[in-house]
Amino acid sequence: MLIRKLVPPEPPEPIIYVNGEFLPKSQAKISVLDHGLMYGDGCFEAWCGRNGFIFQLDAHLDRLFKSMHSLRLNLRVERQELRESIIETVRRNSLIDFYIKALITRGISPEPVIDPRKCETPSIIIYARPTQFEVSPEKKGSGIRIKVLSIRRVPHDSLDPQIKSLNYLNIVLGKMEAWSSGYDEAVMLDHLGYISECPGFNIVGISGDRLFTPSHGILVGITRNSVMEMASHMELTVEQGFYSVYDFAEADEVMMTNTVAGVVPVVSIDGLTIGNGKPGERTKKFQEIYLGWLEEGKHGTQVFPQAWK
Ligand SMILES: Cc1ncc(COP(=O)(O)O)c(C=O)c1O
């Protein structure tokens, strides 16, 4: 149990980590010549936390370092130091239930032109803020309606979606199409017409005792992996492969997963009702187990060990 009175009081202004300094939000700034701003040249990672525990800190760090490696981005800060700075950002903001975002950019360019060779030192930014809803509790209870987007997910031979890059225009435009068409969220196809992922979420289906999820053309989600881990304790076989819209429309249950929203039931795809049009029992079970894991600190790193009794 977390003893809240043993957690220090919140600072008057949120604290943001920028290039080695913990600064009040009003003073946290980066250069207008940063390659991350000019070209989306960089990568990021996001964590959620509950009861003072950062969920899957190291799994997300692994993904961040793989993203940097693929982008040929040489951080010059040791992994342990970055890990400590992430924990310290939460600690300095005295957050108990929170969201963290770490951004690494190529760094500052001497001129406003594309030349990554001249960006000498990568920029590092770490934000932490209280938990907010990406999908409302009502929608997480009743389930959401998703559209099959006309915009395809960027193919791996252009910019591999396994890299969590700062270049998210494909996702941003996808979300805009979904919302302007009156849907709650959406799903994207790959260039062959198979389901890839939702803008900012992975997609998972259940048919009978089989849990299935796309294997390719996706950001390999940590929440998706957690759901697969849970499924192995729920007498569900886990399958990854290539699936069409039909496979999800005809599934018994469908859910979307990500770090911020957790497990979100999907009740229709492109107007086709999934199952009985209500969140499935097993999806609800995943929601419950996932919340339990966050609260009890499974795969968690406690930010305030002195307050956890
Ligand atoms: C494109 C994309 N796919 C999937 C996910 C889900 O990944 P995770 O469960 O690690 O948050 C995200 C998360 O933000 C994402 O941006």
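Note that ligands are numbered from 1 as they come in the structure, with each ligand's atoms numbered from 1 the same way. Please read these numbers as outputs of a predicted model, since none were measured by experiment.
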Problem - Ring centroid separation Phe212 to Phe248 under 6.0 Å - result: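 Between Phe212 and Phe248, the centre distance is under 6.0 Å.
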Identify, for [atom], the protein heavy atom at the shortest distance, and state residue, atom and that distance.
atom                    : result
atom 11 (O) of ligand 1 : Thr259 OG1, 2.6 Å
atom 16 (O) of ligand 1 : Tyr168 OH, 2.5 Å
atom 7 (O) of ligand 1  : Gly221 CA, 3.4 Å
atom 14 (O) of ligand 1 : Lys164 NZ, 2.9 Å
atom 3 (N) of ligand 1  : Glu197 OE1, 2.6 Å

Practice task
Give the single entry among Gly174, Pro199, Ser226, Gly200 that approaches atom 5 (C) of ligand 1 most closely by any heavy atom.
Solution key: Gly200
Exercise for the section: Indicate whether any N or O donor in one side chain lies under 3.5 Å from an N or O acceptor in the other, for Glu229 and His299. Expected result: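 Looking only at side-chain atoms, His299 and Glu229 do form a donor-acceptor pair, the distance falling under 3.5 Å.
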Problem - Sidechain N-carboxylate O distance under 4.0 Å for Asp184, Lys147 - result: no
Problem - Arg129 and Asp97 ion-paired at < 4.0 Å - result: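 No.
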Numbered atoms of ligand 1 (with element) below 4.0 Å of [X], judged on heavy atoms:
X      : answer
Thr223 : 8 (P), 9 (O), 11 (O)
Ile171 : 1 (C)
Arg153 : 1 (C)

Problem - Heteroatom distance test (Thr257, ligand 1): nitrogen or oxygen, under 3.5 angstrom - result: no
Exercise for the section: May I ask you to check if ligand 1 and Arg224 share an N or O to N or O distance below 3.5 Å? Expected result: no
Practice task
Please test Ser31 against Asp34 for side-chain hydrogen bond (donor to acceptor under 3.5 Å, both in side chains), starting from the C-alpha separation and ending with a verdict.
Solution key: CA-CA 5 Å; Ser31 165; Asp34 195 289; over 6 Å; no
Is there side-chain contact between [X] and [Y], with heavy atoms separated by less than 4.5 Å?
X      : Y      : answer
Phe133 : Lys139 : no
Glu239 : Leu211 : no
Ile289 : Met234 : yes

Exercise for the section: Check each of Val254, Thr283, Thr213 against Val204 using the side chain to side chain contact (heavy atoms under 4.5 Å, CB included) test, and report the only one that passes. Expected result: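 Exactly one candidate clears the test, Thr213.
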Handout entry: Sub-4.0 Å heavy-atom approach of Lys101 to ligand 1
Key =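 No, Lys101 has no heavy atom closer than 4.0 Å to ligand 1.
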Fill in the blank from the handout: Going by the 4.0 angstrom heavy-atom rule, the piece of Met256 near ligand 1 is neither
